[in-house]
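A short worksheet on the structure shown next.
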Amino acid sequence: MLDRDVLREEPERVRWAIEVKGVEGIDLDQVLAIDEEWRELKAEGDSLRHERNRISEKIGELKRAGDEQAAQEHIQRSGELKESLEEVEQRADTLEAELDAALFELPNIPHESVPVGEDETDNVEVDRWGFDAPRELSDPVIPHYDLGEELEIIDFERGAKVAGGGFQFLKGDGARLEYALIQFMLDLHREQGYTDVFPPIAVNSASMRGTGQFPKFVEDAYRIGGANDEPYDDSDLWLLPTAEVPVTNMYRDEILLDDDLPIKHQAFSPNFRREAGEHGTETRGYVRVHQFNKVELVNFVRPEESFERLEGLREEAEEVLKRLELPYRVLHMCTGDMGFQQAKKYDIEVWAPADDMPDGPEIGGRWLEVSSVSNFGDFQARRAGLRYRAERHESADYLHTLNGSGIALPRTVVAILEYYQNDDGTVTVPEVLRPYLDGQEVIEGHDPVGESAVGAGRKA
RNA sequence: GCCAGGAUGGCCGAACGGUAAGGCGCACGCUUGGAGAGCGUGUUCCCUCACGGGAUUCUGGGUUCAAAUCCCAGUCCUGGCGCCA
């Protein structure tokens, strides 16, 4: 949510933000008019109430003095005032509600360093890493979804059977690889100064609103009890779409001390997303699923430090891929593709060499977004009531929030299965992960289970 | 799930229908040779250029001229009982 003062004092910047972010359906002049009228009514209501308070005070005095008749007269006047007051305040409340609703619809203002552009084609690549001397690839590279099934380490069919499409089993070394990645990432980020938090997996509507998932993305969430299109209130529960929700809301409506900042939390959790309608070759396999694991990084910082911290956060996230020795690139997201709440955002995309896509790198394969790191400025903080007190004697101010996926796990698994694939169909375990796999160097796969494998000729 | 108690400013804590005592911490000012003590102001939100005003005793309703106080509903916390991976 934007500051009302920004709206009033710099409407042109707000107008610019709406335009370059491509937000539609907003009549800013209308919003400004509502604000204007609300302020007038507010002033009017305040002075009416002032008068009424005076009279009420007087009634008390008269009653104590025993002047019942004069008291009655004042009571009458007070009643009259109450009527006009109610009328004015009701209109003011209506307008303020409209104003708040409108403020929720206004996007965050992009930082001046953000490239202006319409869509993903206008994002600017700012870095590319690991392509100077890449590993020698298997020929051909088998896509992870085929290899995963062949090796019996990812089971899409049985996942669909027990939960539905978009859910899958990881089996044997597949599951162990996932655990290893989780532990590796958590250890790395702890090294970088992060404090672990294991959050609630269910979050209430108030939290979803605090981080900005609601009201826009209700249809993307999994509701616990009740259908998504039924009315919900603050206490209804949802499965978290990202640990950003519980962790950012952790200090909601609190005032932190200057000494507390910066706070760096990392949170491992499963994430649940409906991803309605997202099916096809681009999302096939372990790329866009309904449940996936992620280690999320959340920072709470002093306002003046947030843009510098964003660069630090980006390096912290990149370090995961560097240590895994997976080639990747970094994109500076343009205004039209950066999202509603962000002031500045980078995407980190890992190289998955199996499937050639038109917008992939020249040497083949494709880019998979594994992390996006964002600075929200005070946009989320204002929405969630996250404040800090710089000096004990000063009033509290909104702090700044940032987050970054410390790399989404499934796509990292995809990159490993494809990039570290060997000609014999096995997969070499990246060196940094071996300690987490009891020293295992190669994933060779497992025998299939069940009669269907016999029919397919994969088992005698 | 049942029963009981509770929720007041940054913190502690009164008031229990008449318009939120008192204390503590912190900051600034006055005072002082200096320190301490003392005094004053500030340490929530909103409107206003400002003066000033309004709101705020967990939340939402209600009664009343007037609600922290009385009534109803809810949330959370504490304790006891029950259930339980």
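Below, chains carry the letters A, B, ... as their sequence lines are ordered, and counting in each starts from 1. Not measured: the values here are computed from a predicted model. All values below come from the heavy atoms of this structure, side chains included, with hydrogens, waters and symmetry mates left out.
- When the P atom is compared between B:U63 and B:U41, the two are found 39 Å apart, to the nearest whole Å.
- Checking B:C84 for Watson-Crick or G-U wobble geometry (two distances, each under 3.5 Å) identifies no partner in any strand.
- The partner of B:A37 cannot be assigned: no Watson-Crick or G-U wobble pair with both contacts below 3.5 Å exists in any strand.
- Of the residues near RNA chain B, A:I55 and A:R4, the one whose nearest nucleotide (by heavy atom distance) lies more toward the 5' end is A:I55.
- If you check B:C24 for Watson-Crick or wobble pairing at under 3.5 angstrom, you find it paired to B:G10.
- Taking atom P on both nucleotides, B:A50 is separated from B:U31 by 30 Å, rounded to a whole Å.
- If you measure from atom CG of A:D3 to atom P of B:C46, you get 9 Å, rounded to the nearest angstrom.
- Nearest-nucleotide positions on RNA chain B for A:R39 and A:K58 put A:K58 closer to the 5' end.
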Base-contact (B) and sugar-phosphate-only (S) positions in nucleotides 53-70 of chain B, heavy-atom cut-off under 4.0 Å, - elsewhere: BSS---------BS----
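- One can place CZ of A:R252 at 16 Å from P of B:U75, the figure rounded to the nearest angstrom.
- Residues passing the side chain to side chain donor-acceptor pair (under 3.5 Å) test with A:H446, sequence neighbours excluded: none.
- Nucleotide B:U78: paired with B:A4 (Watson-Crick or G-U wobble, both distances less than 3.5 Å).
- A salt bridge (charged side-chain N to carboxylate O under 4.0 Å, His left out) check over residues 191-206 of chain A, counting only residues at least two apart or in different chains, returns the pairs A:R190-A:D196, A:E191-A:R323.
- Spacing of C1' atoms, B:C47 relative to B:G1, comes out at 48 Å, to the nearest Å.
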Show me, pair by pair, the donor-acceptor contacts under 3.5 angstrom made by side chains of residues 88-95 of chain A, not counting sequence neighbours?
from: A:E89; atom 1: OE1; to: A:R49; atom 2: NH2; distance (Å): 2.8
from: A:E89; atom 1: OE2; to: A:R49; atom 2: NE; distance (Å): 3.0
from: A:E89; atom 1: OE2; to: A:R49; atom 2: NH2; distance (Å): 3.4
from: A:R91; atom 1: NH2; to: A:E37; atom 2: OE2; distance (Å): 2.6
from: A:T94; atom 1: OG1; to: A:Q90; atom 2: O; distance (Å): 2.8

Name every donor-acceptor pair, under 3.5 Å, that has one atom in a side chain of residues 165-180 of chain A and the other anywhere in the protein, sequence neighbours excluded.
from: A:K171; atom 1: NZ; to: A:E152; atom 2: OE1; distance (Å): 2.8
from: A:K171; atom 1: NZ; to: A:D155; atom 2: OD2; distance (Å): 3.0
from: A:D173; atom 1: OD1; to: A:R176; atom 2: NH1; distance (Å): 3.1
from: A:D173; atom 1: OD2; to: A:Q440; atom 2: NE2; distance (Å): 2.9
from: A:R176; atom 1: NH1; to: A:Q440; atom 2: OE1; distance (Å): 2.7
from: A:R176; atom 1: NH2; to: A:L437; atom 2: O; distance (Å): 3.4
from: A:E178; atom 1: OE1; to: A:Y286; atom 2: OH; distance (Å): 3.2
from: A:E178; atom 1: OE2; to: A:N293; atom 2: ND2; distance (Å): 2.9

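- The separation of B:U69 from B:G18, taken at their P atoms, amounts to 11 Å, rounded to a whole angstrom.
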Please output the side-chain donor-acceptor pairs of residues 22-29 of chain A that fall under 3.5 Å, not counting sequence neighbours, one pair per line with the distance.
from: A:D27; atom 1: OD1; to: A:D29; atom 2: N; distance (Å): 3.2
from: A:D27; atom 1: OD1; to: A:Q30; atom 2: N; distance (Å): 3.2
from: A:D29; atom 1: OD1; to: A:R15; atom 2: NH2; distance (Å): 3.2

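- Here, B:U19 and B:U57 have their C1' atoms 13 Å apart, quoted to the whole Å.
- Ring centroids of A:F214 and A:W238 are separated by less than 6.0 Å, placing the two rings close together.
- The distance from atom CG of A:D93 to atom P of B:C47 is 14 Å, rounded to the nearest whole Å.
- When both distances must be under 3.5 Å, the Watson-Crick or G-U wobble mate of B:A50 does not exist.
- In this structure, B:G18 forms a base pair with B:C65, meeting either the Watson-Crick or the G-U wobble geometry with both donor-acceptor distances under 3.5 Å.
- B:C16 and B:C71: their C1' atoms are spaced 15 Å apart (whole Å).
- Side chain to side chain, A:E244 and A:T211 fail the donor-acceptor criterion of an N or O pair below 3.5 Å.
- To the nearest 0.5 Å, atoms CZ (A:R8) and CG (A:L2) are separated by 12.5 Å.
- For B:C28 and B:G36, the P atoms lie 12 Å apart once the distance is rounded to whole Å.
- Comparing the same atom, P, in B:C11 and in B:C58 gives a spacing of 13 Å after rounding to whole Å.
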